[in-house]
Amino acid sequence: MHLIEVLDLKKHYASGFINRQYTKAIDGASFHIERGETLGLVGESGCGKTTVGRLLLRLIEPTSGNIFFDGTDITKLSRREMRTLRPRMQMIFQDPESSLDPRMRIGESIAEPFRLGLRGNISRNEWRRKVLELIDIVGLNPEHLNRFPYQLSGGQNQRVVLARILAINPEFIVADEPTASLDVSVQAQILRLMMDLKSEFGLTMLFISHDMEVVRHMSDRIAVMEKGRIIDSIKDIC
Ligand SMILES: Nc1ncnc2c1ncn2[C@@H]1O[C@H](COP(=O)(O)OP(=O)(O)O)[C@@H](O)[C@H]1O
Ligand SMILES: [Mg+2]
């Protein structure tokens, strides 16, 4: 069974006060993602990539269509049911600072999923150990734990975001242009780290970018988007 199955997904935004018009941000998209696979989603700015990502995690509601996650149509779930499911799916945004609480020290941010009990009932010592393990996995040092996001570079903060996501231990990740805000040299490091984490943790990923080179590098399969539709699917990536 596919981990993700999307059927005829649509998201229309109403605009215009007197003459009601609709922006068809997503206009009938269907695709699937196999377990352990990275599907690249590529297309020009404004074609609907971010909207697809947000719909898959149900951060926004679709106009119509179905989104199956592990066999469950999440468009039909209640708020409460969605809340239980949500830790299994996480999103990485372009700007790491937007997913980190500026008032929280790095260590607290990474420890939060443990503290909130998302990983079951584990002792404080146990989660301290796990935080240290995660910080090492993403290539940061224990001395970063006491700092705040503003004291770290963009690349370092994106590493923090990755550590925090690994602490949540999701099955599925939507990465929306995760390196677009970073310096070119740092981009390559973060992409390599994401590849490593993906295979080490057996993650399934939707990797979104406007950059075909980056998508090619990261993906097992590519879906090309144009004006809210998937116009092409590329399987053999060399
Ligand atoms: N909240 C919104 N209200 C109205 N239009 C929106 C909204 N969000 C996105 N759009 C429109 O939907 C289209 C797709 O946007 P987006 O998914 O952000 O594209 P991409 O990520 O590919 O650049 C764009 O035309 C955008 O202006
Ligand atoms: Mg976008």
Side-chain angles (χ1 to χ4, degrees), residues 4-33 38-69 74-75 79 82 86 89-100 154-155 157-158 161-162 165 170 172-184 186-188 190-191 194 198 203-234 237:
I4 302 286
E5 177 95 53
V6 173
L7 299 175
D8 201 20
L9 190 63
K10 294 184 183 167
K11 177 68 181 175
H12 298 173
Y13 288 106
S15 61
F17 186 65
I18 297 180
N19 295 313
R20 213 162 174 70
Q21 293 173 325
Y22 291 92
T23 303
K24 295 180 173 176
I26 306 299
D27 198 20
S30 302
F31 60 92
H32 70 270
I33 312 178
T38 297
L39 178 71
L41 185 62
V42 70
E44 282 177 21
S45 171
C47 73
K49 306 183 295 299
T50 294
T51 306
V52 167
R54 297 177 69 89
L55 286 167
L56 286 196
L57 268 61
R58 213 172 144 196
L59 302 174
I60 51 174
E61 299 295 320
T63 304
S64 65
N66 307 92
I67 302 164
F68 293 92
F69 176 80
I74 64 162
T75 65
R79 241 171 230 276
M82 201 55 223
R86 186 145 290 131
M89 31 170 87
Q90 291 295 313
M91 191 148 177
I92 305 174
F93 299 92
Q94 175 172 334
D95 170 18
E97 283 78 16
S98 69
S99 14
L100 296 171
N157 275 329
Q158 205 59 302
V161 170
L162 287 167
I165 284 177
F172 176 56
I173 291 183
V174 173
D176 188 3
E177 315 245 12
T179 59
S181 70
L182 307 175
D183 291 344
V184 176
V186 182
Q187 280 184 20
I190 298 293
L191 292 176
M194 288 183 66
K198 189 219 143 174
L203 298 166
T204 305
M205 191 149 63
L206 180 70
F207 187 89
I208 298 174
S209 176
H210 64 277
D211 185 333
M212 190 52 150
E213 275 308 300
V214 171
V215 168
R216 253 181 209 287
H217 180 67
M218 295 298 290
S219 313
D220 301 306
R221 202 154 52 83
I222 299 175
V224 183
M225 231 183 150
E226 197 181 283
K227 293 182 186 143
R229 288 165 189 248
I230 292 182
I231 55 157
D232 202 4
S233 177
I234 306 168
I237 303 168

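Order of listing sets the numbers, starting from 1, for every ligand and every atom in it. One is the number of the first residue; the rest follow in order along the sequence.
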Any chance you could measure Leu39, atom CG, to Ile222, atom CD1, to the nearest 0.5 Å? 8.5 Å
Under-4.0 Å heavy-atom contact between protein and atom 6 (C) of ligand 1: yes
Taking only heavy atoms of Ala25 into account, list the atoms of ligand 1 that are under 4.0 Å away from them. 12 (O), 13 (C)
For Thr204, give me all partners under side chain to side chain donor-acceptor pair (under 3.5 Å), at least two apart in sequence or on another chain. none
Could you tell me whether the side chains of Thr50 and Asp176 share a donor-acceptor contact shorter than 3.5 Å? yes
Residue, atom name and distance, where the atom is the protein heavy atom closest to atom 9 (C) of ligand 1: Tyr13 CE1, 3.7 Å
Looking only at non-hydrogen atoms, the one of Gly228, Ser15, Gly46 nearest atom 20 (P) of ligand 1 is Gly46
What atoms of ligand 1 come within less than 4.0 Å of a heavy atom belonging to Glu44? 22 (O)
Given a threshold of 2.8 Å, state how many protein N/O/S atoms are nearer than that to the Mg ion (ligand 2). 1
Closer than 4.0 angstrom: is that true for some heavy atom of Gly43 and an atom of ligand 1? no
For atom 15 (O) of ligand 1, what's the nearest protein heavy atom and its distance? Thr51 OG1, 3.8 Å
Would you indicate whether the side-chain heavy atoms of Thr23 and Ser15 approach each other to under 4.5 Å? yes
Validation row: Asn157, Val161 side chains within 4.5 angstrom (heavy atoms): no
Is any side-chain heavy atom of Phe69 closer than 4.5 Å to one of Ile4? yes
Taking 4.0 angstrom as the limit, do Glu226 and Arg229 come out as a salt bridge? no
Applying side chain to side chain donor-acceptor pair (under 3.5 Å) to Asn66 and not counting sequence neighbours gives Asp73
Tell me the protein heavy atom at minimum distance from atom 11 (C) of ligand 1, and give that distance in Å. Thr23 CG2, 4.2 Å
Quick one: side chain to side chain donor-acceptor pair (under 3.5 Å) partners of Lys198, sequence neighbours excluded? Thr38, Asp220
What protein heavy atom sits nearest atom 19 (O) of ligand 1, and how far off is it? Gly48 N, 3.2 Å
Does Leu41 reach the side chain of Phe31, with side-chain heavy atoms less than 4.5 Å apart? no
Distance under 6.0 Å and angle within 45° of ring axis: Lys11 vs Tyr13: yes
Please indicate whether any nitrogen or oxygen in Thr50 is less than 3.5 Å from any nitrogen or oxygen in ligand 1. yes
Does the protein place any heavy atom closer than 4.0 Å to atom 27 (O) of ligand 1? no
Ignoring hydrogens, just give me the one of Lys49, Lys24, His12 whose non-hydrogen atom is nearest atom 22 (O) of ligand 1. Lys49
Any side-chain heavy-atom pair of Ser181 and Gln94 under 4.5 Å: yes
